[in-house]
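Since the structure comes first, as structure tokens, the remarks are kept for the end.
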Amino acid sequence: MKRKMLAGAVALASLSLTACAGGSGGAEAEGQIDYWLWDSNQQPAYQQCADAFHEANPDLTVKITQRGWDDYWSALTTAFSSGTGPDVFTDHVSKYPEFVANGQLLALDDHIADVDLDQYSAGLADLWVAQDGKRYGLPKDWDTVAIFYNQKMVEDAGLSEEDMQDLDWNPEDGGTYEETIARLTVDANGVRGDEPGFDKDDVAVYGLGIPGAGYENGQTEWSMYTATTGWTHTDKNPWGTHYNYDDPRFQDTIAWWYSLIEKGYAPPLETTIGASVNDNFGAGKSAINISGDWMLSTYFGYDGVDVGLAPTPTGPNGQRASMFNGLADSVWAGTDNPEGAAKWVAFLGSTDCQDLVGAAGVVFPAITSSAEIATEAFAEKGIDVSPFTTHVEDGTTFLFPVTDHASDVHAIMTPAMDEVLGGKADVSSLTEANEQVNALFDGS
Amino acid sequence: MTTAAVARRPRNQLLPALGMIAPAALGFLVFYLYPTLRGAYLSLTEYNVLGSPVFVGLQNYVDMAKDDVFWNAVRVTFLYVVLNIGFQTVLAVGLAVLMHRLTKSVLIRGSLLLPYLIANVVVALLWFWMLDFNIGIVNAVIDAIGLPKVAFFGDEAWTVATIAGVNTWRHLGYTALLVFAGLQMIPASVYEAAAVDGAGEWRTFWRITLPLLRPVLVLVLVITVTGAFQVFDTVAVTTAGGPGNASRVLQLYIYEQAFARGHFGYASAMSVVLFLVLAGAAFAQMRLLRAGESDLS
């Protein structure tokens, strides 16, 4: 608490300072644009963009500040309320609706007129139009999820790389996907999960590593299964007003997912609190993980682990599915230089910047042609990213659910999902959580 | 001293006195009194920091009474305080007596304080790794001697005790040092008298050390209990309240409601309740344990 109280005190102090300065924006240098982002992996690429931007606009200088995800949003809120927010910042679809509702974001429509929205991957630009019909962000990147597997373990299990590329799944028996996970699970005596005598209470390597219970969105936990059953998080997206956690298709899928833990194919939830799911993978404690492309450099960075990639399994609808999330750059309503800030956002949303980001090979830029550059950059590092891009090519993505009350939904669903995955409550308990969630939308 | 001198003193010294306390008083007003009063006011409003506070009367307190997560947080926090203070006080008194009676080595006495010199978050993360189920060294040892591994942070039955244990480890040396300072205030003549009368170490401890230590012990308890109620960082960087709500202590829930969910009014109301609980606890301890009196006189 101390750290936060100190931050509050500093914010208070700076508030009175700006008040003394007559609200002129404090000590900020003329022509400086403050820009915040949270991913340190991406900072070097965006510094390149900032340098290029300064070259094209010598009167404007971009100052980048990086803060980790955990501190990012509370720091941003505090900075907004104290009048010291950044001019431009990296924004997330689960956060911006509340900023819009509180009048903290500048509508870009009047400032950015001539941007070709068709250059971005389909759907990304639409995510950033709020319910008032105005645009609050320009797409900067996108992400999908895929299977990361340990090549050595797959080989030892007598499976081929081809087997991994073509898995199918259903909520009744799990299909070849569950068979593969069972095969890859090994107990302390070396008995595999699909062999007689398997001891599920003393497992050395889990077939499937799980990061946790998946909160409200299940991006890397369960959303790639549930979406293939035809289930959707909300009644419509974006701007749904009703969540569907009471749907049998959702609850059956979660019940199947939990059955993997009961069978010993996935780690009990209580053992996942601690080292991250990727570090456990790196330490050889799990054979398969599902994760997003933003984790590529982490997974391929583990020493002595040969990582393979495969697309997520096909489901009951005969197709694969991946959540499709896109970040954007937004302008704070309190900026002292709306024109300059908008100029920087337009630059970030153009090929001038996104080609540079693509070439760095850390993330897929929102512009289709820049994403191709990123694919090549990954290929040069020896990583074939087609399991991620296939979703975009085949149109098997679905958008991250965007609604109001996102942080309250998160706070209700996090413990509710924990209870189910921890074996403390039945999946039917999610119906009650769903009622709590939907009550948030009554009367709003 | 003449009467005239006494009468003149206030006139001469009031201004300098005010000047002397001004820095501290200013800090108190700006950083304590004003935020406290404003927090009390905000507890009667709906406020998300970005808009303006809307007065809602006692609605936040009514909501709190009906909020299961809040009552669970109260239970979890009390459980934590009991475990943490229980372990910590008993061990600290034991350690302080050992320091007092057994060793005069500054090196040994100083090294007991080492954990306290490490930042809270670092301590929490260190133990978080060492106690990890899959790749932590503690479980590797447990596994090697043939016992079943324990999900220290992940198992609901263990998580609060684990967090209490980690913080006990960090604060033990510091608490022991405070108690040790109290021990040094007990005159050696009392111990000599006890030795002459033939009292053993055990009897001396119960009949002499503990009663004479009481005023210091009360101070230590008030400080540590108040500190324990405010447990936040250890939980925030390890379990973040999970699994489920098993370690969602009050301070974490307040922080979450305010900074993650934007309910600053509701969070302020919970802070006011916590403030009253803490004030009550401190008052009760002072009264029940007669902190103002010493058995020495």
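Remember, it's a predicted structure, so these values are computed and weren't measured experimentally. All chains are named by letter (A, B, ...) in the order of the sequence lines, taking the proteins before the strands, and each is independently numbered beginning at 1.
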Does [X] have more than 12 heavy atoms from other residues, nucleotides or ligands lying within 6.0 Å of its [atom1]?
{"X": "A:Y299", "atom1": "OH", "answer": "yes"}
{"X": "B:Y61", "atom1": "OH", "answer": "yes"}
{"X": "A:Q131", "atom1": "CD", "answer": "yes"}

Heavy-atom pair of closest approach, residues B:A260 and A:S407: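 Minimum heavy-atom separation between B:A260 and A:S407: O-CB, 3.2 Å.
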
Minimum heavy-atom distance between B:W129 and A:A275, given as atom pair plus value: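 That closest heavy-atom pairing would be CZ3-CB, 4.1 Å.
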
Distance from [X] atom [atom1] to [Y] atom [atom2], nearest 0.5 Å?
{"X": "B:K149", "Y": "A:D202", "atom1": "NZ", "atom2": "CG", "value": "8.0 Å"}
{"X": "A:K285", "Y": "B:D132", "atom1": "NZ", "atom2": "CG", "value": "9.0 Å"}
{"X": "A:T271", "Y": "B:N134", "atom1": "OG1", "atom2": "CG", "value": "5.0 Å"}

So for A:K95, is it side chain, backbone, both, or neither that comes closer than 4.5 Å to the heavy atoms of chain B?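 Answer is neither: A:K95 stays 4.5 Å or more from chain B.
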
Tell me, do A:P268 and B:F133 make a side-chain contact under 4.5 Å, heavy atoms counted?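 No, too far: nothing below the 4.5 Å cut-off.
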
Are B:F128 and A:I273 close enough that some pair of their side-chain heavy atoms sits under 4.5 Å apart?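 A side-chain contact under 4.5 Å exists here.
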
Residues in residues 135-145 of chain B that sit under 4.5 Å from chain A, counting heavy atoms only: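 B:I135, listed by number.
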
Residues in residues 151-167 of chain B that sit under 4.5 Å from chain A, counting heavy atoms only: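 The stretch touches chain A at B:A151, B:F153, B:G154, B:D155, B:E156.
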
Pick from B:G262, B:G244, B:A246, B:A236: which one has the most heavy-atom pairs with chain A under 4.5 Å?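 Max contact count across the listed options: B:G244.
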
If you count heavy-atom pairs under 4.5 Å between each of A:D418, A:D408, A:T77 and chain B, which one has the most?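 The option with the most such pairs is A:D408.
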
